[in-house]
Amino acid sequence: MKESTAPSNFIRDIIEKDIKNNKNDGRVHTRFPPEPNGYLHIGHAKSICLNFGFAAEHGGLCNLRFDDTNPSKEEAEYVESIMEDVGWLGFDWDDRLYYASDYYEQLYDYAVQLIEAGNAYVCSLSPDEIRQYRGTLTRPGKDSPYRTRPIEENLDMFMRMKAGEFKDGSHVLRAKIDMASPNLNMRDPVIYRILRATHHRTGDRWCIYPMYDFAHCLSDSIEGITHSICTLEFEDHRPLYDWFLDKLGVFHPQQIEFARLNLTYSVISKRKLLELVKLGYVTGWDDPRMPTLAGMRRRGYMPGAIRDFCERIGVAKRESYVDIALLEHCLREELNKRAPRVMAVLRPLRVVIDNYPEDKVEELDAENNPEDPGMGTRKIPFSRALYIEKDDFREDPPKKFFRLSPGREIRLKHAYYIKCTGVVKDEKSGEVVELHCTYDPETRGGWSKDGRMVKGTSHWVSAAHSLEAEVRLYNYLFTKEKPEEEGNGGDFKTWLNPDSLETLTSCRVEPSLAGAKPGSFYQFLRKGYFCVDSVNSSNKALVFNRTVTLRDTWAKIEKAQKNRGSR
RNA sequence: UGGGGUGUAGCCAAGCGGUAAGGCAGCGGCCUUUGGAGCCGCCAUUCGGAGGUUCGAAUCCUCCCGCCCCAGCCA
C-alpha cells in the first residue's frame with residue numbers, strides 16, 4: 001500500500017483507483033502544458049507540483065509541453081523563462097520536452113479524418129455571423145448554411161485553407177456536433193482558423209492553426225498521457241475533449257479539473273500581470289513584488305518553500321483564496337533553518353560609547369545560525385562608535401518597550417551591555433541624532449557575571465567598519481485582500497499599494513557581507529530575511545531585497561496599544 | 001427562463017453511514033543573548049438552510065438558498 005503521508009485528495013484517489021484497476025496498464029503519465037504567452041506564476045507552481053508530483057509518486061512520468069497554437073500571442077522569450085522556472089522549482093522533464101506545434105502535421109491529418117467521416121466542415125460565415133448563429137445561454141443556436149457542404153468540397157476547401165488561398169478569417173473548419181446543445185462548447189466549435197502570424201517555432205510554414213480544444217486532447221493522446229489535469233474553467237470543455245478522441249478512435253486520456261489558486265493581496269492571472277508589466281507599474285516580470293516564479297526567485301523565495309506551500313494548500317474543486325500568510329510561513333520555515341545570521345542596521349542611529357577607548361577595536365565571536373551550530377561562527381568588529389536601529393531607541397518609552405531609552409541598559413548582541421547616558425538632538429528639528437552610552441567591560445560577549453538581566457537585545461554595527469548598502473523593502477502589491485473583486489469600477493489596479501516598495505539607501509551592514517554573491521540570502525538579525533539582488537547589486541554597491549520580515553510581536557503589541565488609545 | 005460546478009472554523013482542507021483530522025491565522029503560557037526560533041495549551045455540540053430515511057447522517061433522499069464558470073476564429 002501507500003506509505004506516503006501525503007494528504008488525501010480527489011485526484012490522488014482517482015489515480016490510485018486507476019492503478020488498482022490496471023487502467024492504462026497501471027501507467028501514470030501527466031504533463032504540464034503552459035502556453036508560452038507570459039511568465040509562470042505561483043498558480044502554475046501548483047499545477048507543476050501536482051503534475052510532476054503525482055507522476056513521481058507513482059513511478060510515472062511528466063512531460064513539459066508548450067501549448068503553442070496561437071502564434072499571435074506567443075514568444076520564444078516565454079518558452080525560455082518557463083523552462084528555467086520549472087527547472088528552478090526542482091522538476092525534471094528529462095528528454096520529454098514537447099510542443100503542440102510538433103504535432104501540426106498529424107493534427108492536420110486528424111482534421112482531414114474528421115472531415116472524411118462527416119464530422120467536420122468548412123464554414124464560411126464571418127466571425128460575427130458565427131456568433132449570431134451560436135445562440136445564447138438560454139436559446140439554442142441554428143445550423144450554419146455551410147453545415148451541409150459536401151465532404152469532397154470540405155476536403156478541397158480545407159486543403160486550400162492550408163495552402164494559403166484565403167484571407168484570414170474568411171473560413172474556418174468546424175466540428176459538426178449539435179447547434180442546440182445546452183453546452184455552448186458543443187455548438188459546432190471552430191477547430192482551425194486561418195491566421196497569418198509568424199510562429200516562434202514553425203515560422204511562416206503554416207497559415208492555419210488548430211484551436212485549443214482540438215490540439216490539446218490530441219496532444220495528450222499522442223503523448224500517451226493518462227491523466228490530463230487542468231483547471232475548473234475547462235470542465236465545460238470535457239465533453240468536447242472526449243468527443244474528438246472518440247470520433248477519431250485514438251488513445252483516450254482522462255481530463256480532471258481542479259480549482260486554480262488565488263492568493264490574498266495578489267493578482268494571479270497572466271493577463272493582469274502582463275498589464276502591470278506593460279503599463280510600468282512594476283519593473284518587469286521578475287519584479288520582486290510579482291507573484292511570478294521569476295519575481296519570487298529574485299525576491300529570495302526558495303523553491304522548497306514554494307513546493308511545501310503547494311503541498312499544504314491541497315487540491316480540491318472549490319474556489320478558494322489562500323491567505324498569503326501561509327506562503328510566508330512556508331518561506332520563513334525554510335529560511336529560518338538555512339539563512340546565515342548577520343547584523344545590518346537599516347535606519348542607523350549613531351551611538352558613542354564614551355568609556356570605550358578611542359582607537360580600540362575588538363573582534364567578537366558571533367554564531368552564524370543558532371538553529372544550526374554546524375554553520376559555525378564569524379568575527380565582528382566592535383569599536384567606540386556604532387550604529388543601532390533608530391527604532392531601538394525611544395526617548396519616552398511606552399509600556400512594554402524593552403529597548404533602549406535614557407538611563408536604561410540593554411545588550412548589544414554578541415557584544416556588551418550598554419547604558420544610555422545622553423541624547424544629542426538636532427537643534428532645529430528636535431530629532432535624535434546621536435546617543436551617548438557607557439558599556440560594562442565585564443559583560444563581554446553579552447553575559448553578565450553578576451546575574452544582572454536586561455530585557456532587550458539590539459543588533460548593531462561598528463560605524464567605521466560597516467559597509468553602506470541599499471535595502472529594498474517590499475510590501476504587498478495590493479492594499480485589498482481580494483483585488484480582483486468588484487468595486488472601484490472593477491479595475492484591480494485601483495488597489496495597487498503606493499508603498500509596495502520602500503528603498504533605503506543609507507543602511508549599514510556588517511563587514512562580512514563584503515562581496516556577497518547575488519542571490520545569496522541572510523537573516524538580518526531581528527529584521528527579516530534578505531537576499532542580494534541578482535540584477536542591481538555589485539561589489540561596489542550592495543543592494544538587498546527584503547524577502548520577508550520576521551514575525552514581529554512588538555509591532556503587534558504596539559498596534560494593539562494604539563488601537564486601545566484611539567478608542 | 002439553459003448547461004456545468006461548488007458550499008465543513010477568519011483562511012485552506014481531511015472526512016466516503018458509527019458520533020468533526022491537520023495546517024495557517026488568532027489567543028494564553030513557558031523558554032530565549034533575535035520581542036526570531038522552539039515548546040505547551042485554547043480555538044466547529046456542528047458541516048449553506050429546511051425536511052425526510054436510519055438505532056445512528058457532514059456523509060443517503062427531497063426541496064430551497066448562496067457562490068463560481070460558459071455565448072473568442074484565446075488558452
Side-chain angles (χ1 to χ4, degrees), chain A residues 7-9 13 33-35 37 67-70 72-74 123 125-127 130-132 134-141 168-174 181-187 189-195 208-209 211-213 215-216 230-239 257 259 264 270-271 311-330 332-333 336-337 341 343 366-367 370-371 400-403 411-415 417 443 445-448 454-459 481 523-528 549-557:
Chain A
S8 153
N9 69 56
D13 290 347
E35 182 190 13
N37 66 343
D67 220 333
D68 56 351
T69 55
N70 184 2
S72 64
K73 288 185 177 171
E74 297 151 6
C123 181
L125 252 23
S126 70
I130 287 183
R131 192 179 335 116
Q132 280 162 16
R134 186 154 33 225
T136 68
L137 293 178
T138 52
R139 237 193 307 276
D168 284 14
S170 55
H171 309 279
V172 290
L173 183 68
R174 292 228 252 169
S181 171
N183 180 346
L184 303 235
N185 294 119
M186 300 299 270
R187 318 241 262 228
V190 170
I191 58 187
Y192 265 92
R193 77 285 214 186
I194 303 172
L195 179 60
I208 58 171
Y209 291 93
M211 298 290 287
Y212 165 85
D213 288 303
H216 201 89
C230 63
T231 43
L232 248 30
E233 66 271 26
F234 293 104
E235 212 151 15
D236 288 341
H237 294 239
R238 190 175 353 118
E257 312 85 9
T264 57
K270 270 197 265 185
R271 201 213 93 219
E311 190 160 306
R312 292 199 200 205
I313 57 179
V315 55
K317 295 192 73 157
R318 80 180 81 124
E319 306 273 339
S320 63
Y321 247 98
V322 175
D323 192 339
I324 196 167
L326 178 59
L327 214 209
E328 295 179 334
H329 169 82
C330 296
R332 290 192 183 104
E333 195 169 74
N336 177 49
K337 281 182 276 189
R341 271 58 168 175
M343 293 202 281
E367 62 192 348
E371 300 293 317
K400 290 189 182 168
F401 181 86
F402 302 149
R403 282 111 96 144
R411 169 170 42 236
L412 291 182
K413 179 82 177 173
H414 303 308
Y417 283 14
T443 57
W447 298 101
S448 164
V454 287
K455 297 206 81 170
T457 299
S458 280
H459 57 100
E481 192 172 38
Q523 182 193 108
F524 284 2
L525 227 58
R526 304 204 309 133
K527 282 284 139 187
T549 60
L550 252 24
R551 286 187 68 225
D552 190 346
T553 308
W554 166 241
K556 221 181 281 177
I557 293 170

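Protein chains get the first letters and strands the later ones, always in sequence-line order, with residue 1 at the start of each. All values below come from the heavy atoms of this structure, side chains included, with hydrogens, waters and symmetry mates left out.
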| message | Whether the side chain of A/Glu371 and the base of B/rG36 hold a donor-acceptor pair under 3.5 Å is what I'd like checked. | response | yes
| said: What's the separation between atom CG in A/Leu137 and atom CG in A/Asn183, rounded to the nearest 0.5 Å? | reply: 11.0 Å
| request: Tell me what A/Thr443 touches on the nucleic acid: a base, only sugar-phosphate, or nothing, going by heavy atoms under 4.0 Å. | output: nothing
| query | To the side chain of A/Ser320, which of B/rG35, B/rA13, B/rC16 is closest? | reply | B/rA13
| note | Regarding the side chain of A/Ser8, the nearest nucleotide among B/rA71, B/rG15, B/rG23 is B/rG15
| task | Give A/Thr69 one of three labels, base, sugar-phosphate or nothing, depending on what nucleic acid heavy atoms sit under 4.0 Å from its own. | result | sugar-phosphate
| query | Nearest of B/rC16, B/rA25, B/rG36 to any side-chain atom of A/Ala325? | reply | B/rA25
| task | Take A/Gly446 and A/Leu327, find for each the nucleotide of RNA chain B with the closest heavy atom, and name the residue whose nucleotide sits nearer the 5' end. | result | A/Leu327
| field | Per A/Arg312 side chain, nearest of listed nucleotides B/rG23, B/rU34, B/rA75 | value | B/rG23
| field | Residue mapping more 5' on RNA chain B - nearest nucleotide basis, A/Arg341 or A/Asp213 | value | A/Arg341
| When all nucleic acid strands are considered with a 4.0 Å heavy-atom cut-off, which category describes A/Asp236: base, sugar-phosphate, or nothing? | base
| task | Counting heavy atoms from C-beta on, name the nucleotide in B/rG35, B/rU6, B/rC12 closest to the side chain of A/Lys317. | result | B/rU6
| field | Side chain of A/Tyr212 - closest among B/rA75, B/rA13, B/rG35 | value | B/rA75
| message | Regarding A/Leu412, tell me which of base, sugar-phosphate or nothing describes its non-hydrogen contacts under 4.0 Å with the strands shown. | response | nothing
| query | For A/Thr136, which contact category applies under a 4.0 Å heavy-atom criterion: base, sugar-phosphate, or nothing? | reply | base
| Does a side-chain N-to-carboxylate-O contact under 4.0 Å join A/Arg312 and A/Glu333? | yes
| request: Answer yes if the ring centres of A/Phe401 and A/Trp554 are under 6.0 angstrom apart, and no otherwise. | output: yes
Give me the distances for all protein-to-nucleotides 40-44 of chain B N/O pairs that come in under 3.5 Å?
none

| task | Would you tell me if any nitrogen or oxygen in the side chain of A/Ser458 comes within less than 4.0 Å of OP1 or OP2 on B/rU34? | result | no
| field | Under-4.0 Å side-chain N/O to phosphate OP1/OP2 contact, A/Thr138 with B/rG3 | value | no
| request: Answer with base, sugar-phosphate or nothing: what part of the nucleic acid does A/Leu195 contact at a heavy-atom distance below 4.0 Å? | output: nothing
| task | For A/His216, answer base if it contacts any base atom (sugar-phosphate contacts may also be present), sugar-phosphate if it contacts only those atoms, and nothing otherwise; contact means non-hydrogen atoms under 4.0 Å. | result | nothing
| task | Would you indicate, yes or no, if B/rG48 has its OP1 or OP2 atom less than 4.0 angstrom from a side-chain nitrogen or oxygen of A/Arg318? | result | no
| task | Only stems of 3 or more consecutive Watson-Crick or G-U pairs count here, both distances under 3.5 Å; name the ones for RNA chain B, or none. | result | B:2-7 with B:65-70, B:10-12 with B:22-24, B:26-30 with B:38-42, B:48-52 with B:60-64
Where do N or O atoms of nucleotides 26-30 of chain B meet protein N or O atoms at under 3.5 Å, pair by pair?
residue: B/rG26; atom: OP1; partner: A/Lys556; partner atom: NZ; Å: 3.2

| task | With heavy atoms under 4.0 Å as the rule, sort A/Ile313 into base, sugar-phosphate or nothing. | result | sugar-phosphate
| query | Side-chain donor or acceptor of A/Arg403 under 3.5 Å from a matching atom on the base of B/rG35? | reply | yes
| Between B/rA75, B/rC12, B/rC73, which nucleotide has the shortest distance from any of its atoms to the side chain of A/Ile130? | B/rC73
| query | Contact class for A/Arg332 vs. all strands (heavy atom < 4.0 Å): base, sugar-phosphate, or nothing? | reply | nothing
| field | Exercise: do A/Arg411 and A/Thr457 side chains pair donor with acceptor under 3.5 Å | value | yes
| request: Give a yes/no answer on whether the side chain of A/Arg134 brings an N or O atom under 4.0 Å of OP1 or OP2 in B/rC73. | output: yes
| B/rC24 OP1/OP2 closer than 4.0 Å to side-chain N/O of A/His329 | yes
| query | When only distance counts, do a donor and an acceptor, one from the side chain of A/Asp552 and one from the base of B/rG35, lie under 3.5 Å apart? | reply | no
| task | Give one of base, sugar-phosphate or nothing for A/Glu257, where a contact means two heavy atoms less than 4.0 Å apart. | result | nothing
